[in-house]
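Residues: numbered from 1 along the sequence shown. Model, not experiment: these values are computed from the prediction.
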Amino acid sequence: MNTICRIWNFYYDGFRSMTLGRTLWTVILVKLFIIFIVLKLFFFPNYIKEHAREDPAEFVATSITSNP
C-alpha cells in the first residue's frame with residue numbers, strides 16, 4: 001500500500017505544480033468529452049436496440065452467421 005501512496009503523491013505533486021500542463025489537460029478532457037459523448041449521441045445510434053425484436057443476443061448471432 002505504501003507504493004501506491006508514493007505513486008499517488010508523485011503524480012499529485014507533479015500536476016499541482018504545472019502551469020501549461022493544466023491548460024493542455026483541459027483541452028484533452030474537452031476533446032475526450034466531445035469524442036465519446038457528443039459523437040456517440042448524434043452519430044452512433046443503438047442499432048441493436050432498434051432492430052432486435054426480442055433477444056439482442058439472438059439478433060447478433062443471426063446477423064453474424066447469415067450470408068450478406
Side-chain angles (χ1 to χ4, degrees):
M1 196 65 174
N2 189 17
T3 305
I4 295 172
C5 291
R6 287 178 41 213
I7 292 171
W8 170 258
N9 288 333
F10 174 75
Y11 281 105
Y12 182 74
D13 290 338
F15 284 120
R16 188 174 47 180
S17 64
M18 282 196 286
T19 55
L20 179 63
R22 290 183 188 206
T23 307
L24 294 176
W25 276 107
T26 305
V27 170
I28 290 169
L29 292 176
V30 168
K31 288 171 103 176
L32 287 173
F33 175 79
I34 290 171
I35 289 170
F36 289 112
I37 305 299
V38 175
L39 289 179
K40 173 149 180 23
L41 288 175
F42 292 113
F43 296 110
F44 302 111
N46 194 347
Y47 184 80
I48 295 173
K49 188 175 185 179
E50 293 174 0
H51 291 88
R53 291 190 178 94
E54 293 179 10
D55 187 23
E58 186 175 331
F59 172 74
V60 172
T62 56
S63 296
I64 291 173
T65 57
S66 67
N67 292 330

Residue list, ring pair (Phe, Tyr, Trp, His ring centres under 6.0 Å) with Phe15, at least two apart or on another chain
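Expected list: Trp25.
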Ring pair (Phe, Tyr, Trp, His ring centres under 6.0 Å) against Tyr47, all qualifying residues, sequence neighbours excluded:
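Scan of Tyr47 (ring pair (Phe, Tyr, Trp, His ring centres under 6.0 Å), adjacent residues dropped) gives His51.
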Atom OG1 of Thr23 and atom CD1 of Ile28: how far apart are they, to the nearest 0.5 Å?
11.0 Å
ILVMFWY cluster membership beyond Trp8 - transitive side-chain contacts under 4.5 angstrom:
Tyr12
Which Ile, Leu, Val, Met, Phe, Trp or Tyr residues join Leu20 in one cluster when any pair of side-chain heavy atoms under 4.5 Å counts as a link?
Leu24
Could you work out, with side-chain contact (heavy atoms from CB on, under 4.5 Å) as the rule, every residue matching Ile7, not counting sequence neighbours?
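Checked Ile7 against side-chain contact (heavy atoms from CB on, under 4.5 Å); matches are Thr3, Tyr11.
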Just to verify, what does Ile37 make a side-chain contact (heavy atoms from CB on, under 4.5 Å) with, not counting sequence neighbours?
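With sequence neighbours excluded, Ile37 shows a side-chain contact (heavy atoms from CB on, under 4.5 Å) to Phe33, Leu41, given in chain and number order.
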Sort and list the pairs that fulfil salt bridge (Lys or Arg N to Asp or Glu O under 4.0 Å) and have at least one residue in [range], not counting sequence neighbours.
range          : result
residues 1-17  : Asp13-Arg16
residues 54-63 : none
residues 27-50 : none

Single-linkage hydrophobic cluster, 4.5 Å side-chain cutoff, Val27 and Ile34 together:
no
Same cluster or not: Leu39 versus Leu32, using hydrophobic residues (I, L, V, M, F, W, Y) connected whenever any side-chain heavy atoms lie under 4.5 Å apart?
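No: no chain of side-chain contacts under 4.5 Å links Leu39 to Leu32.
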